Enquirer: 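The structure's right below; bear with me while I get my questions together.
As the structure is a computational prediction, the values presented were derived from the model and not from experiment. Every heavy atom of this structure was used, including side-chain atoms; hydrogens, water molecules and symmetry mates were not.
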Amino acid sequence: MATEITDRRAAGRPHWSGRWAFVLAATGSAVGLGNIWKFPYMAGESGGSAFVLVYVACILLVGLPVMVAEIMLGRRAQRNPVDAMAALADEAGAARAWQGLGVMGVVTGVLILSFYSVVAGWMLDYLALSARGGLAGLDAGAAQARFGALLADPLRLLLLHTVFMAMTVVVVGGGVARGLERANKLLMPVLFAIVLMLLAYGVIWGDAAGALSFMFRADFGKITPAVMLAAMGQAFFSLSIGMGAMMAYGSYLDRGASIARCGLTVAAMDTVVALLAGIAIFSIVFAHGLQPAAGPGLVLQTLPIAFGDMRGGAALGTLFFTLLVFAAWTSSISLLEPATAWVTEKTRITRPWASLLLGAATWLLGVTVLLSFNAWQEIRLFGLGIFDALDYLTTNILLPLGGLMIAVFAAWVMQATRVRDELGMRGPFYGVWRFILRYVSPLAIALVFLNLTGLLPRL
Ligand code: TRP
């Protein structure tokens, strides 16, 4: 059966043009709203350094090992995540039910994209606003009112959400080389340049000392089970792991590339961008006496005040929201890719139509999300609004669960010789990776889950 898997490599599946194209695309997937919109506000809400500390630990002990495993599964199978899990289960002599992991991933991707696109729409709105100079002279009250007015306007949200979904569908419909790879090669360098410019601004004119002490001063007292789960979920979300996006991207990777090195590069870039964006944003927040714990509206309710108040703020604000839109765009395509690859490879529907079809379904779900900010505000699922419920379900439950299953499959179910052969890792690294993936990562995920459900005494 191993031959069957290897045979598919020649079957004319699309491929990245090289190792760097993959690293860039995977980094594009990882670096997104999660880094620049979510990470700062979650850190701000969860006591700053406590959250940052647990987050970095989660990246090292769970995120990186699982990412390497997920890419490895994809590259070995050379198939979309659903068929990949079926083929790999066959190869390992395990139950076909492992396909369920692939299906769960495809569904999770659509669920995440439905609210991701709505948030990306906010960023489009603020990009347009700052580009026409609309941030000038905004004070705290006006900034809050502006964000509130946007949330209260379903038609406007609908338009923005539709534009962003269309941008996503166009790229995914274009395919691996002409769509995904080209978009990432174009957008990612600009994105890095903007992060560095913002950081330079924050450090020179902002309160960098305040930002650094907020983010890194050791403060273990604030580490609670809820903070731990939030940090773990955020690590999964930010690295784009646990749902098959990395598996799909890995399936377009050539045999020669070192998966470990690719994974390490992607995880490092993602973490660095989150930390740098955090430093830049909190430097500006503190320098203007704003609140770090403003929640999901942090970058929209606080930064515009700062942009409106500073010299060159219109330009800086425009740059900042361009950054957010580009980052969101290179991520959203990876949320739609697994489902699109599945439909394309399984049915006779062509890629452009598959991407349009799935995009339309996601769009529809997104409409319920944007209504949850206004007309459907009263609707509660498990005590949360639709937006919060989807975010919680995917980030804190489905992604860690997917990650747990990936770890178990790669470290316990697959034959070690095949894993080793696929990774091509030498020396002690392989042993360390395997040990962490076998014992540490699953245990860490399980502990966080159990602790949350109250089955364990509070840590
Ligand atoms: N990582 C992206 C971000 O930080 C979001 C994302 C893209 C994602 N693809 C994913 C999250 C797959 C989980 C799984 O914004």
Side-chain angles (χ1 to χ4, degrees), residues 1-2 4-5 8 26 29-30 62-113 232-233 235-237 239-253 259 263 334-346 358 390 393-416 418-419 422-423 433-434 436-446 448-449:
M1 265 177 283
E4 188 209 323
I5 274 198
R8 282 286 292 249
S29 165
V62 184
L64 179 58
V66 169
M67 176 184 282
V68 169
E70 189 175 330
I71 299 172
M72 182 271 293
L73 296 180
R75 191 180 66 182
R76 181 155 189 88
Q78 300 280 304
R79 289 161 168 82
N80 66 77
V82 181
D83 293 335
M85 287 316 299
L88 292 167
D90 280 354
E91 187 190 46
R96 269 267 169 129
W98 280 101
Q99 266 192 82
L101 172 57
V103 175
M104 185 174 94
V106 165
V107 173
T108 305
V110 167
L111 293 181
I112 295 179
L113 184 53
M232 167 93 72
F236 275 90
F237 188 89
L239 290 177
S240 296
I241 55 174
M243 62 134 294
M246 288 296 165
M247 209 187 287
Y249 276 22
S251 77
Y252 308 127
L253 184 60
I259 293 175
S334 74
L335 288 163
L336 196 59
E337 176 59 25
T340 305
W342 185 29
V343 171
T344 309
E345 288 169 22
K346 256 304 198 268
L358 291 157
L390 274 175
L393 172 72
T394 52
T395 306
N396 289 0
I397 298 174
L398 292 175
L399 292 180
L401 197 63
L404 179 64
M405 287 164 73
I406 288 169
V408 168
F409 188 86
W412 293 92
V413 176
M414 256 177 102
Q415 282 83 356
R418 290 198 175 118
V419 174
E422 192 62 41
L423 286 176
W433 172 78
R434 188 172 163 82
I436 295 182
L437 197 68
R438 264 191 109 125
Y439 302 103
V440 183
S441 317
L443 205 70
I445 301 174
V448 171
F449 272 147

Enquirer: With side chains defined as the heavy atoms from C-beta onward, is the minimum distance between Phe237 and Ile112 less than 4.5 Å?
Expert: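 With C-beta onward as the side chain, the pair touches.
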Enquirer: Taking the side chain as every heavy atom from C-beta outward, state whether Trp433 and Val68 have any atom pair closer than 4.5 Å.
Expert: yes
Enquirer: Testing the basics here: between Ser334 and Tyr249, what is the closest heavy-atom pair and its distance to 0.1 Å?
Expert: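 Closest pair (atom of Ser334, atom of Tyr249, distance): CB-OH, 3.3 Å.
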Enquirer: Could you state the interatomic distance from CG (Leu101) to OG1 (Thr108), rounded to the nearest 0.5 Å?
Expert: 9.0 Å
Enquirer: Any chance you could measure Gln99, atom CD, to Asp90, atom CG, to the nearest 0.5 Å?
Expert: 8.5 Å
Enquirer: Once rounded to the nearest 0.5 Å, what's the spacing between atom CZ of Phe236 and atom CG of Leu398?
Expert: 11.5 Å
Enquirer: Between atom CG of Leu399 and atom CG of Leu404, what is the distance when rounded to the nearest 0.5 Å?
Expert: 12.5 Å
Enquirer: side-chain contact (heavy atoms from CB on, under 4.5 Å), that's the test. Do Met247 and Ile71 meet it? Break it down for me.
Expert: CA-CA 5 Å; Met247 209 187 287; Ile71 299 172; over 6 Å; no
Enquirer: Test of understanding: with side-chain contact (heavy atoms from CB on, under 4.5 Å), list the residues that count as partners of Leu358, not counting sequence neighbours.
Expert: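 Leu358 satisfies side-chain contact (heavy atoms from CB on, under 4.5 Å) with Leu336, Ala339, Thr340, Val343 once adjacent residues are dropped.
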Enquirer: Which pair of non-hydrogen atoms, one from Ala410 and one from Val419, has the smallest distance, and what is that distance?
Expert: O-CG2, 3.6 Å
Enquirer: Any idea which heavy atoms bring Ala69 and Ile406 closest together, and the distance?
Expert: CB-CG2, 3.9 Å
Enquirer: Is there a side-chain contact between Arg79 and Met85, using heavy atoms and a 4.5 Å cut-off?
Expert: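 Sidechains of Met85 and Arg79: no contact.
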Enquirer: Which residues satisfy the side-chain contact (heavy atoms from CB on, under 4.5 Å) test with Ser240, sequence neighbours excluded?
Expert: Ser29, Ala30, Met246
Enquirer: Hey, is the main chain of Asn80 close enough, under 3.5 Å, to the side chain of Ser251 for a donor-acceptor pair?
Expert: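 A pair under 3.5 Å: no.
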Enquirer: Check whether Trp412 reaches the backbone of Arg438 with its side chain - one donor and one acceptor, N or O, closer than 3.5 Å.
Expert: yes
Enquirer: Is there side-chain contact between Met243 and Met104, with at least one heavy-atom pair below 4.5 Å?
Expert: no
Enquirer: Does a side-chain heavy-atom distance below 4.5 Å link Val82 with Lys346?
Expert: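 Sidechains of Lys346 and Val82: no contact.
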Enquirer: Would you indicate whether the side-chain heavy atoms of Leu73 and Phe409 approach each other to under 4.5 Å?
Expert: yes
Enquirer: Examine distances only and state if a side-chain atom of Arg76 and a backbone atom of Gly74 form a donor-acceptor pair shorter than 3.5 Å.
Expert: no
Enquirer: Which atom pair, heavy atoms only, marks the closest approach of Gly242 to Glu70?
Expert: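 Here Gly242 and Glu70 meet closest at N-OE1, 2.9 Å.
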Enquirer: Any idea which heavy atoms bring Ala95 and Ala89 closest together, and the distance?
Expert: O-CB, 3.4 Å
Enquirer: Keeping the roles fixed (side chain from Glu345, backbone from Trp342), state whether a donor-acceptor pair exists under 3.5 Å.
Expert: no
Enquirer: Which value, rounded to the nearest 0.5 Å, describes the distance between Met67 atom CE and Leu239 atom CG?
Expert: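 These two atoms lie 4.5 Å from each other.
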Enquirer: Which heavy-atom pair separates Ala94 from Val413 by the least distance, and what is that distance?
Expert: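 Answer, listing the atom of Ala94 first, then Val413: CB-CG1, 3.6 Å.
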Enquirer: Backbone N or O of Glu91 within a donor-acceptor pair of the Arg418 side chain at under 3.5 Å?
Expert: yes
